[in-house]
Chemist: 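Here it is: the structure, laid out below.
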Amino acid sequence: MTLLFKAIFFLVLSTSILLVAGCSTPRTKPAGVIDRTSGSSSYEPAPPGYYRVKRGDTLARIALDHGQAPRDVAQWNKAENPNFNPDVIEVGDLVLIKSPANTKAVAAKPVDKKPSSSVIDKADAPTPVETTKPEIVAEPGIRLSWPAKGKVTGEFNETNKGIDIAGKVGEPVLAAADGKVVYAGNSLRGYGNLVIVKHDNTYLTAYAHNSKLLVKEGDSVRKGQKIAEMGDTDTNAPKLHFELRVNGKPVNPTPYLQ
């Protein structure tokens, strides 16, 4: 009985060791996970008049970066593709960023993430002519008034893309020039309650972190008109973050202010 008991004991112990070793063996291959951004480098360059969506983009940010009104961009794409949803865009999508009247149709469905050769044919497609954006000259093409009273606590740089003016919650935020409100909302991460005013086809200004918006999309505003109240939405202290965009490109607004 003693020998039989010992044999059974060693058999159970050996089996347990094998089971533990098997469970602790590392997996040689991780579970399959599809990264929609990993293949973005294989996409064809966006055709003229279109933008290829990148990770972190929103339609409002795409519009701002190209000097367009978010509503216009949404309408242009909806007209070309009835299934276009401005709230659901994915990495690799093609988004129309210029008025269809000024853009040659190059794709039947601008949101296709992998255009076929019939959409973009490198051999047959004409080589786009590169245009150079106008340089900032000493004499600005637009004169802006200060959008708020206060000390400039953040200067323009590649990261800030504008200037920060310190103040108190509720202080007035003023339109820097005549124009039309093309955005009033809070869907752009990092800007809080934001107003964007388009002054012409070249210039637009952005007013961020407001506590209260006093205008809506489509409103015409006059230089010096109160359009919002200063706040601290999406930031750590009350301030106005003010940007000037020239053809969609952020530039230092200070030389334009008077």
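All values below come from the heavy atoms of this structure, side chains included, with hydrogens, waters and symmetry mates left out.
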Chemist: Please identify each residue that fulfils ring pair (Phe, Tyr, Trp, His ring centres under 6.0 Å) with Phe156, with sequence neighbours left out.
Modeler: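 Ring pair (Phe, Tyr, Trp, His ring centres under 6.0 Å) list for Phe156, sorted by chain: empty.
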
Chemist: Could you pull out all residues at least two apart from Glu171 that satisfy side-chain contact (heavy atoms from CB on, under 4.5 Å)?
Modeler: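 Expected list: Lys168, Met230.
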
Chemist: List the residues meeting side-chain contact (heavy atoms from CB on, under 4.5 Å) with Lys180, not counting sequence neighbours, and say none if there are none.
Modeler: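 Per chain and number, Lys180 pairs via side-chain contact (heavy atoms from CB on, under 4.5 Å) with no residue.
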
Chemist: For Asp234, give me all partners under side-chain contact (heavy atoms from CB on, under 4.5 Å), at least two apart in sequence or on another chain.
Modeler: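 Once residues adjacent in sequence are excluded, the partners of Asp234 under the side-chain contact (heavy atoms from CB on, under 4.5 Å) criterion are His209.
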
Chemist: Of Leu244, Leu64, Asn247, which is the lone residue that meets side chain to side chain contact (heavy atoms under 4.5 Å, CB included) with Leu204?
Modeler: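 Among Leu244, Leu64, Asn247, the one meeting side chain to side chain contact (heavy atoms under 4.5 Å, CB included) with Leu204 is Leu64.
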
Chemist: Kindly indicate whether the side chain of His66, heavy atoms from C-beta on, has any atom under 4.5 Å from the side chain of Lys98.
Modeler: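 They are not in contact (no side-chain heavy atoms under 4.5 Å apart), so the answer is no.
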
Chemist: If you group Ile, Leu, Val, Met, Phe, Trp and Tyr by side-chain heavy-atom gaps below 4.5 Å, do Leu213 and Leu240 land in one group?
Modeler: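 As far as the 4.5 Å side-chain criterion goes, Leu240 and Leu213 are connected within one cluster.
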
Chemist: Per the side chain to side chain contact (heavy atoms under 4.5 Å, CB included) rule, which among Ile165, Val195, Asn210 passes with Val173?
Modeler: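 Result: among Ile165, Val195, Asn210, Asn210 is the only option passing the side chain to side chain contact (heavy atoms under 4.5 Å, CB included) with Val173.
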
Chemist: Contact between Tyr203 and Tyr256 at the side-chain level, heavy atoms closer than 4.5 Å - yes or no?
Modeler: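 With C-beta onward as the side chain, the pair touches.
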
Chemist: Kindly compute the distance separating CG (Asp200) from CD1 (Ile142), expressed to the nearest 0.5 Å.
Modeler: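 Asp200 atom CG to Ile142 atom CD1 measures 6.0 Å (nearest 0.5 Å).
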
Chemist: Let me confirm one number: the CD-CG distance from Glu243 to Leu194, rounded to the nearest 0.5 Å.
Modeler: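 One gets 8.0 Å once the value is rounded to the nearest 0.5 Å.
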
Chemist: So do Asn186 and Thr233 actually touch side chain to side chain, heavy atoms under 4.5 Å?
Modeler: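 Thr233 vs Asn186: side chains apart.
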
Chemist: Linking I/L/V/M/F/W/Y whenever their side-chain heavy atoms sit closer than 4.5 Å, directly or via other members, would Trp146 and Leu214 fall into one cluster?
Modeler: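 Each belongs to a different hydrophobic cluster.
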
Chemist: Establish whether Leu174 and Val197 are linked, either directly or via other cluster members, by ILVMFWY side-chain heavy-atom contacts under 4.5 Å.
Modeler: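 No, no single cluster joins them.
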
Chemist: My understanding is that only residues two or more places apart in sequence, or in another chain, count here; which of them pass side-chain hydrogen bond (donor to acceptor under 3.5 Å, both in side chains) with Lys216?
Modeler: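 Here the qualifying residues are Asp219.
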
Chemist: Would you call Asp178 and Lys223 a salt bridge, using N to O less than 4.0 angstrom?
Modeler: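 Answer for the salt bridge query: no.
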
Chemist: Between Lys226 and Glu229, does any NZ, NE, NH1 or NH2 come within less than 4.0 Å of an OD or OE carboxylate oxygen?
Modeler: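 Looking at Lys226 together with Glu229, the answer is yes, because their closest N to O distance falls below 4.0 Å.
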
Chemist: Is any side-chain heavy atom of Pro47 less than 4.5 Å from a side-chain heavy atom of Leu94?
Modeler: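 Heavy-atom side-chain distance check passes, below 4.5 Å.
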
Chemist: Can Arg245 and Asp65 be counted as an ion pair, charged N to O under 4.0 angstrom?
Modeler: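 So Arg245 pairs with Asp65 through a salt bridge.
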
Chemist: How would you list, by chain and number, every residue that makes a ring pair (Phe, Tyr, Trp, His ring centres under 6.0 Å) with Tyr183, sequence neighbours excluded?
Modeler: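 Ring pair (Phe, Tyr, Trp, His ring centres under 6.0 Å) list for Tyr183, sorted by chain: empty.
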
